[in-house]
Structure formats: structure tokens, C-alpha cells
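Everything numeric here is computed off the predicted structure, so don't read it as measured data.
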Amino acid sequence: MNNDSTERIVVAITAWIAAAPPGARVPSNRALTAEFGASPVTVQNAMRQLAGRGLVESRPGVGTFVRAARINRAVDYGWQTAALGALPWRPGALSAAQRSVAPDTIALHSGYPARELLPERLVRAALARAARTDVAMTRSPAAGAPGLQAWFAAELAAVTPPGVTPATARDVIVIAGSQSGLSSIFRALVGPGQPMLIESPSYWGAILAAEQAGVTLVPVPTGPTGPDPDAVERAFQDTGARAFYAQPTFANPSGGQWPEETGLAVLESVRRHGAFLIEDDWAHDLAIDTEPRPLAALDGDGHVIYLRSLTKSVSPSLRVAAVIARGPARDRILADRSAESMYISGLLQAATLDVVTQPGWRTHLRGLRPRLRARRDRLVASLAEHAPTVHLGLVPAGGLNLWGRLPDGTDAAQVVRSCESRGLIIADGAEWFPAEPAGSFIRLNYSGEDADRFEEAARILGEVLADERA
């Protein structure tokens, strides 16, 4: 029978239930089949719909009954206030970068690339192949699938200069996205109440993970060419910190990339203080005009804890990343990850390894560069024409975002709200600062779904800023 027959039965039984007392037994499926002249499958579909609406409940071996009406009452969760105590981190709504928005809006807030920029064909084929193997039904090793560990290690070893001991597969811990890796690193290597240096501005997810781990953040100002190495040295001396979280390559949100001399100076400072440099290489595969230069490739002594993510370049659904760490630090991070999630899906690991070892993967990355460049340049040109008061301190050589400073005195939060009322979603830069913002900033993603609407977006932003000054 078709859906019309199912709906006819649902309507009739709903009317019957309205007049029946709670707990009344509903006629059997056999009786309903005869009464409505429907097939057993149609009757079963109707009963599933009724159960889904909360009108009936099935008791195996007994029958189906009218469900008793639930009494709605206000629930008091006040007792939890005393049980939980004060928040150990600042509360807040979902990050601007994670918001879901209406389909007709122009979305420049997200931190993810458009679907058309991902290797969809490779991903779908890899998932299908992985599903036909034993990994679909077996447990993965705690540190990750050996083949994927070896791939991550080989990627870093390929850019390791002579004289530096390269990373090995044993040093790699495969994780479910770099965010989970940050949480484990902060807990395992820094700990509650301990100081950690962090660039300002920096990735909002790292700020949140550190706060939830109870880490005390020590902001170090950074810009298009990274932090001042002397400022990093002073911060180590003043605080006794034993870790520095940084994004030397295509930083989120600024897009900055450290020059070689900055990286070497910071690495020397880290070594001098017996500390760790937590290097987040989230945008390794998103280069446009220059090549990524991981500092981890220059470190053979275990000072650099290296994160490499594939979430933004392969697929958001394959949340696979890696931590590369050496010595006892690696073991502590692995112990924390094992306690948190035990192991990562072998199916996702197998599919990811399949994608990145296909010849088409390198072809995809080569083709991605000009496409990201075209989008970046189009948004930059649109802002210059329609919103010239937005100052871009840098046209990034890679990554996904533009970091714009608004005119002094501008209320960035109000600008974001006004833009949203006109159908444009952008991100307030305040959440990328571990302390008070150093000005009014916004972050704009040039890799999203709305590249053909960049001019319209810039026009809206320009109009809002003009209204703010009026």
C-alpha cells in the first residue's frame, strides 16, 4: 500500500485514541489489516508513526496500548548549582565559526571550506572500499592504524633537514581532529593552574580547551609575521611557563606565517627554558602563495609537539588528525587520549589513509591552490571597493580567512548583529583573543559556499560601517 493508505490508518487510529482512556489496548495489526484492507507492512508503518508521535507504546508479547499522557511540569535544576560549583572557565554560546545559518544568508563566518573545494570523489570511494574490509568490524590500536601513523611521520620526515633525527611512526598518535589533541596536550603537559604562553590573537578552540583544562593563559602579542621573539623570551622568564601554543603557518585567524628567523629564535628560546612548543599546523594543506615550513622538522629532541589536521583538507566528516610527540611526553598524551576515547574509528582511519595515498590527492592539492587564490583575491578586491575602512594587515599566503580591523571605536559586536539583520553572517574577532581584544576585528572566510556573493557581502558590510559612523 502507498503512503496515502498509511496516513489514512494513522488519522483513523489517532481519532480512536482521542476517545480511548490511557492504557487502552489498540486493535491488533491483524485486525487493522482486515479493517482497512491494507497490507501488514502498511499497518506496521502506521503504528511506527503513531509510536514516534508518542501516542502509543508497544509491549513485546502483549500488544500495543494507548500511551498515558505525561504531565508537563517545570523542572528545577537549581540543586546542580551547589554540586557543580563555580565555572572553571568563562561561559559562552557556540562559537561564531560553528553556527548554523539559514540557507539564504551569505555565510562568511565558518571555519570550513566549501564542499566543492574538497576531494569528494576520493572520499566517497575510500569510504566504500574501507567498509568492505575488516576494519569495519574491528578495534583500532590505541595510538592509531600503523599505516596512517607511518604516513604522518613520513610527511614530516620529508621536510626534515640532514642532521635532525626525523619523526617515526611510533611518535605519532592518531586523534579525532586536532581539537581533541589540544585538550589532551594541555592536560598532560601543562596541567591545571600552570601557565602557558599563547599567541594573541589565537585559535578560539585552543583558548577554550586551555581554559577547560584549568591552564593559565599568558598572551603574547602576534602579528602578520608572528610574535616578537624577545617578547616570547621575556614571557618565559617572567612566568616560568613550560609550554607555548602557536600557529607558525597560516595562523587562525590572522593568516600570518612566521619568517624562518622568528621560528628559529622562538625554538631556541623554548630549548633554553626546557619547554615545549605546541605547533598547530592546521592549514598545512591550504597553502596558496608559499610553502608550509613546520618547525617540528627542525626539532629532534622532543621540544616541539606537532599537530597536523586533515579535517579542513580531506573532509569535515573524516575528523582525523595526528599528534607527533617524542619521549615521555608522547606517552602522557597517549594515556590521556586513551582515557578520553580509547581509540579512533579504524574505518575512518582506513578511508583517510586511502585518500591521501591516492595519486589523485596530490592532483587535488595542486588544483586547490588557484581556487583558494581566486576566492581570496575576489574577497580582498570586494572589500577594497565596497568596505574600504576594513583594514587588512595581511593578504594571507594560505589558510582560509581574512582578518580585518574595523575603524577605531567601532563596536564589532554591533556590526556583526547589523550585518546579520541584512543577511550577512560574519564572525566577531573578540573570541580569538585570550584576554581583552586589541581592537575591533572581524574574521571573514573566503573558502565558503558563497564566493559568488562576495561583492554583495562587502557592500552590506560597507553600508553597516557607514551607518555606524553616521
Side-chain angles (χ1 to χ4, degrees), residues 144 148-175 177-179 181-182 185 189 197-199 202-203 206 222 224-227 229 232 243-252 254-271 275-314 320-327 329-330 333 352 356 361-362 365 368-369 396-400:
L148 194 55
Q149 287 180 291
W151 181 86
F152 276 112
E155 285 281 294
L156 188 57
V159 294
T160 299
V164 177
T165 303
T168 67
R170 198 267 175 190
D171 302 321
V172 177
I173 304 170
V174 180
I175 55 177
S178 60
Q179 186 67 33
L182 289 173
I185 292 168
L189 304 188
L197 310 189
I198 185 170
E199 293 178 288
S202 187
Y203 170 46
T222 192
T225 57
V232 174
F244 178 21
Y245 169 79
Q247 302 171 88
T249 305
F250 316 139
N252 176 11
S254 69
Q257 184 177 24
W258 296 8
E260 182 178 359
E261 56 271 23
T262 297
L264 291 173
V266 170
L267 190 54
E268 179 58 32
S269 186
V270 166
R271 288 168 175 156
F276 295 102
L277 175 64
I278 303 165
E279 180 181 11
D280 189 347
D281 198 10
W282 73 278
H284 185 91
D285 299 317
L286 305 174
I288 299 176
D289 298 324
T290 187
E291 297 299 328
R293 302 184 295 268
L295 290 175
L298 307 178
D299 171 57
D301 300 320
H303 284 282
V304 179
I305 309 298
Y306 180 70
L307 286 100
R308 168 84 183 273
S309 175
L310 296 173
T311 299
K312 305 292 175 66
S313 55
V314 176
V320 171
V323 174
I324 299 182
R326 310 191 196 198
R330 180 260 188 196
I333 296 168
T352 301
V356 297
W361 169 243
R362 293 297 171 189
L365 291 182
L368 181 60
R369 286 194 174 205
L400 303 176

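Looking at Trp282, its side chain does come within 3.5 Å of a backbone N or O of Phe250 through a donor-acceptor pair. Not one N or O on the side chain of Asp301 forms a donor-acceptor pair closer than 3.5 Å with the backbone of His303. In this structure, Asp171 contributes its side chain and Thr168 its backbone to a donor-acceptor pair below 3.5 Å. No side-chain donor-acceptor contact under 3.5 Å links Ser269 to the backbone of Ala265.
Summarising the geometry, atom OG1 belonging to Thr249 is positioned 10.0 Å from atom CG belonging to Asp280; distances are rounded to the nearest 0.5 Å. With rounding to the nearest 0.5 angstrom, the CD1 atom of Ile305 is 12.0 Å from the CG atom of Leu182. Residue Trp258 holds its CH2 atom at 10.0 Å from CD of Gln247, rounded to the nearest 0.5 Å. With values rounded to the nearest 0.5 angstrom, Leu298 atom CG is found 12.0 Å from Glu268 atom CD. Here the OG-CG distance, from Ser309 to Leu286, works out to 9.0 Å after rounding to the nearest 0.5 Å.
Across every non-hydrogen atom of Arg330 and Val172, the tightest pair is NH2-O, 4.4 Å. Residues Pro161 and Ala297 come closest through the heavy atom pair CD-O, 3.2 Å. Counting all heavy atoms, side chain and backbone alike, Ser178 lies closest to Leu307 at O-CD2, 3.6 Å. Heavy atoms only, all atoms of each residue included: Gly300 and Val164 are closest at N-CG1, 3.8 Å. Closest of all the heavy-atom pairs between Ala153 and Ala167 is CB-O, 4.0 Å. Taking each heavy atom of His284 and Pro294 in turn, the nearest pair found is CE1-CG, 3.9 Å.
Proximity of Arg326 to Thr165: side-chain heavy atoms (C-beta onward) are separated by under 4.5 Å at one or more points. For the pair Glu260/Leu264, a side-chain contact is recorded, criterion being any heavy-atom separation below 4.5 Å from C-beta on. Side-chain atoms of Val320 and Thr311, non-hydrogen and from C-beta on, never get closer than 4.5 Å to each other. Using a 4.5 Å cut-off on side-chain heavy atoms (C-beta onward), Leu295 and Val266 make no contact. For the pair Thr352 and Trp151, the minimum side-chain heavy-atom distance is 4.5 Å or more. Side-chain contact between Val356 and Phe152 is absent, with no heavy atoms from C-beta onward closer than 4.5 Å.
The salt bridge (charged side-chain N to carboxylate O under 4.0 Å, His left out) test applied to Asp285 returns Arg308, not counting sequence neighbours. Take Arg271 and apply the side chain to side chain donor-acceptor pair (under 3.5 Å) test, not counting sequence neighbours, and it matches no residue.
If you run side-chain contact (heavy atoms from CB on, under 4.5 Å) between Thr222 and each of Ser202, Pro248, Pro227, only Pro227 comes through.
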Show your working on side-chain contact (heavy atoms from CB on, under 4.5 Å) between Tyr245 and Leu197 and close with a plain yes or no.
-> CA-CA 6 Å; Tyr245 169 79; Leu197 310 189; over 6 Å; no
Give the C-alpha distance, both sets of side-chain angles, the deciding distance and a yes or no for side-chain contact (heavy atoms from CB on, under 4.5 Å) between Phe244 and Glu279.
-> CA-CA 8 Å; Phe244 178 21; Glu279 180 181 11; over 6 Å; no
Do Thr225 and Thr262 pass the side-chain contact (heavy atoms from CB on, under 4.5 Å) test, and can you show the C-alpha distance, the side-chain angles, and the key distance before you say yes or no?
-> CA-CA 8 Å; Thr225 57; Thr262 297; 5.5 Å; no
What do the steps show when you test Ile288 against Leu368 for side-chain contact (heavy atoms from CB on, under 4.5 Å), and what is the final call?
-> CA-CA 8 Å; Ile288 299 176; Leu368 181 60; over 6 Å; no
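Using a 4.0 Å cut-off between charged side-chain N and carboxylate O, Glu261 and Arg293 make no salt bridge.
If you check the side chains of Asp281 and Tyr306, you find a donor sitting under 3.5 Å from an acceptor.
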